[in-house]
Amino acid sequence: SLGASTPVALDMAKGMGIMYGVGGAMNLVTGGLHDAMEYQNTMETAEEILKKNYAGKDFKKDFNEMTKEVRRVAKQTKFTAPQAADATRFMAMAGLSIPMIKYSVSPIADVAVIGDNDFGEVADKMTNIQTAFQIQPNRMRHVADAITNTFSRTNTDMMMLAESMQYAAPMAHLSGMSLDDTLAMIGIMGNSGIQASMAGTTLRMMLQNTLNPNKKQTALWKKLGVHTRDKSGNLRNMIDILADVKESSIAKKIPMADVVSNLFRVTASAGAGALINNIDSVKKLAAQNASVGNISSEISARKQNTVKGLWAQMTSSFTEANLKVFEQFQEDIKGMINAVKDYFNSKEAVENLRQAFDMIRSLMNMFGTIAKGWLWVYNKFGGIVKAVVWTQMFVAQIGLMTKPIMSLINVFGGLKSMAVGFVSALSGVGGLKKAAVAASVAGAITGNANASTAATAAASNYVSRHTALSPLSPSAQT
């Protein structure tokens with residue numbers, strides 16, 4: 001039975017393997033086609049936005065070169081071409097030109113890789129920061145390095161910093177603060193649990209209170225002896241101002257709680273206190289942000305050299321290969337889609353669909369009629385149907401229960417046969433021994449030389465009698 005069923009099982013396994021293989025291949029093809037269509041659709045949107053603001057001579061050439069860079073970055077990182085296209089769309093919406101996007105796409109991708117964030121979302125946030133501080137596109141690498149350095153050394157992340165900047169960046173830039181100093185102050189506040197929108201709001205309120213103090217605040221600034229503006233009337237570096245406040249408060253023995261609550265009011269007092277208490281850390285981080293170099297690309301490269309990173313790059317490369325194939329057969333695919341579309345718009349398609357629905361309806365009616373017939377039989381002869389079903393179930397259960405009992409009976413029957421044979425064999429051997437002993441005794445008494453002959457005769461006589469009663473196996477007879 002096992003030998004007969006094994007080929008069938010193997011054939012079933014082969015069939016299932018082929019089925020799963022074909023299914024997997026179809027998933028790869030359809031997934032690749034979906035990615036290619038998604039990429040093309042998103043890049044079309046970016047192209048239309050960039051075309052409106054284009055000031056060069058050959059838009060198509062410049063756009064194709066930018067596209068090559070975007071796809072190169074996607075292939076060399078964990079991001080797919082559609083994700084890179086989404087980031088391109090965000091940068092175009094932020095007003096970046098084609099050259100700006102070429103400079104910015106790689107640094108933005110590195111920050112997204114390090115923070116494990118969405119490529120498009122990071123592109124949106126970083127371009128907002130770039131715009132707020134009026135940073136040139138060729139400085140985007142420094143933006144990426146300063147952001148990476150900040151969230152690598154403080155209790156913040158990329159999204160927290162971006163949210164803080166949403167509230168603080170415009171006012172910070174207008175006040176003359178640099179990106180490096182702003183990031184440092186937000187990062188150190190994050191170490192004290194003042195993060196995201198709270199940190200941004202705190203810094204903005206500190207700047208507003210410092211720029212436009214009321215009479216009480218002005219009197220306290222004078223009492224501390226701290227000048228908030230330089231000789232030109234511009235706001236001094238905010239980090240230097242806070243350092244002077246700390247030094248003066250200690251020297252004049254003015255409680256720090258009174259100083260921050262009066263200078264920066266309730267909204268910003270907690271954050272101001274955290275910055276003043278950790279002013280040396282703020283200075284150190286700001287200096288590191290200003291001088292840091294290529295930290296974003298270095299950390300990104302290390303993360304992409306992990307098993308997870310390499311696997312993601314393999315997936316991106318596969319998507320890129322699908323995209324190239326799609327571009328080669330794009331016109332053919334369009335032709336097939338148009339043909340199918342035209343068919344569905346034809347009267348023939350409508351008629352065929354109507355016939356198909358009629359067939360389905362007829363089948364459903366037939367099944368309904370059969371079901372009604374069975375229901376009628378059950379209502380008329382329900383007791384008989386139940387009795388037949390219960391009888392079949394009972395017989396089936398009895399059969400299942402008797403199988404192990406019969407198996408045990410067979411086993412014990414075999415054991416019994418073995419025991420009987422074994423006892424018979426032992427009886428034969430014992431008889432032989434008895435005959436041989438009797439003959440030997442007889443020989444010893446008579447002193448006759450024919451003692452062995454007598455022993456043999458006695459043994460043969462005994463064997464012949466017992467063989468007739470209980471035959472031994474050939475080996476036992478021997």
Side-chain angles (χ1 to χ4, degrees), residues 11-52 54 58-72 74-75 79-93 98 118-120 312 314-373:
D11 289 341
M12 290 180 63
K14 290 178 182 178
M16 291 179 64
I18 293 172
M19 181 180 66
Y20 282 119
V22 172
M26 288 300 296
N27 285 334
L28 286 174
V29 171
T30 54
L33 183 62
H34 176 269
D35 287 343
M37 291 189 296
E38 190 68 28
Y39 169 82
Q40 185 190 52
N41 184 64
T42 307
M43 285 302 287
E44 188 70 29
T45 303
E47 183 177 357
E48 291 302 317
I49 296 172
L50 291 169
K51 192 181 293 183
K52 293 179 181 179
Y54 182 70
D58 191 342
F59 174 81
K60 202 66 181 177
K61 178 183 176 182
D62 292 343
F63 182 79
N64 288 338
E65 289 180 356
M66 180 206 73
T67 301
K68 289 180 181 178
E69 175 64 12
V70 170
R71 286 170 62 168
R72 181 195 67 80
K75 188 170 68 172
F79 301 111
T80 61
Q83 292 171 327
D86 195 40
T88 304
R89 178 174 61 87
F90 275 115
M91 287 186 277
M93 291 169 61
I98 290 176
D118 179 75
F119 195 179
M314 182 188 71
T315 304
S316 299
S317 297
F318 178 75
T319 304
E320 175 65 18
N322 278 330
L323 189 56
K324 289 179 179 178
V325 173
F326 175 80
E327 289 172 346
Q328 292 178 3
F329 293 96
Q330 184 174 347
E331 295 304 320
D332 294 333
I333 294 172
K334 285 182 179 179
M336 288 188 293
I337 293 174
N338 283 325
V340 174
K341 182 189 68 175
D342 293 339
Y343 171 74
F344 282 128
N345 289 329
S346 66
K347 294 181 179 179
E348 180 185 0
V350 175
E351 180 61 23
N352 289 337
L353 286 172
R354 187 190 64 77
Q355 292 178 5
F357 281 119
D358 285 343
M359 182 182 68
I360 293 171
R361 184 179 60 183
S362 299
L363 289 172
M364 292 178 67
N365 289 335
M366 181 183 69
F367 290 139
T369 302
I370 294 171
K372 287 179 181 179

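Side-chain atoms are counted along with the backbone in the values below, which use heavy atoms only and exclude waters and symmetry mates. Note that the structure is predicted; figures quoted are calculated from it, not measured.
- Residues satisfying the side-chain contact (heavy atoms from CB on, under 4.5 Å) criterion with Met314, sequence neighbours excluded, are Trp311.
- Contact check for Phe59 versus Asn64: no side-chain heavy atoms found under the 4.5 Å cut-off.
- Every residue two or more places apart in sequence or in another chain was checked for a ring pair (Phe, Tyr, Trp, His ring centres under 6.0 Å) with Phe326, and none qualifies.
- A search for side-chain hydrogen bond (donor to acceptor under 3.5 Å, both in side chains) contacts involving Glu47 returns Lys60, not counting sequence neighbours.
- A search for side-chain contact (heavy atoms from CB on, under 4.5 Å) contacts involving Glu320 returns Arg71, Lys75, Leu323, Lys324, not counting sequence neighbours.
- From Glu65, atom CD reaches atom CG of Asp58 across 9.0 Å, with rounding to the nearest 0.5 Å.
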Pair up each side-chain donor or acceptor in residues 352-359 with any protein partner under 3.5 Å, not counting sequence neighbours, and list the distances.
residue : atom : partner : partner atom : Å
Asn352  : ND2  : Tyr343  : OH           : 2.9
Asn352  : ND2  : Glu348  : O            : 3.3
Arg354  : NE   : Glu351  : OE1          : 3.3
Arg354  : NE   : Glu351  : OE2          : 3.4
Arg354  : NH1  : Asp358  : OD2          : 2.7
Arg354  : NH2  : Glu351  : OE2          : 2.4
Gln355  : NE2  : Glu351  : OE2          : 3.2
Asp358  : OD1  : Arg361  : NH2          : 3.3

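- Side chains of Gln83 and Glu38 form no contact here, defined as non-hydrogen atoms less than 4.5 Å apart.
- For the pair Met37/Gln40, no side-chain contact is recorded, criterion being any heavy-atom separation below 4.5 Å from C-beta on.
- The CE atom of Met91 sits 9.5 Å away from atom CG of Leu50, with the distance rounded to the nearest 0.5 Å.
- Of all non-hydrogen atoms in Ala74 and Ala84, the two that sit nearest each other are CB-CB, 3.7 Å.
- The existence of a salt bridge linking Glu48 and Lys51 is confirmed by a sub-4.0 Å separation between a basic side-chain nitrogen and an acidic carboxylate oxygen.
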Stepwise side chain to side chain contact (heavy atoms under 4.5 Å, CB included) test for Leu33 and Ile333: CA-CA 10 Å; Leu33 183 62; Ile333 294 172; 4.2 Å; yes
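- Other residues, nucleotides and ligands place more than 12 heavy atoms under 6.0 Å from the CE atom of Met366.
- Residues satisfying the side-chain contact (heavy atoms from CB on, under 4.5 Å) test with Phe90, not counting sequence neighbours, are Asp86, Ala123, Asp124.
- Put simply, the side chain of Tyr39 does not reach to within 4.5 Å of the side chain of Thr319, judged on heavy atoms.
- Note that CZ of Phe318 and OG1 of Thr80 are 12.5 Å apart. Values are rounded to the nearest 0.5 Å.
- The shortest distance between side-chain heavy atoms of Thr88 and Thr42 does not fall below 4.5 Å.
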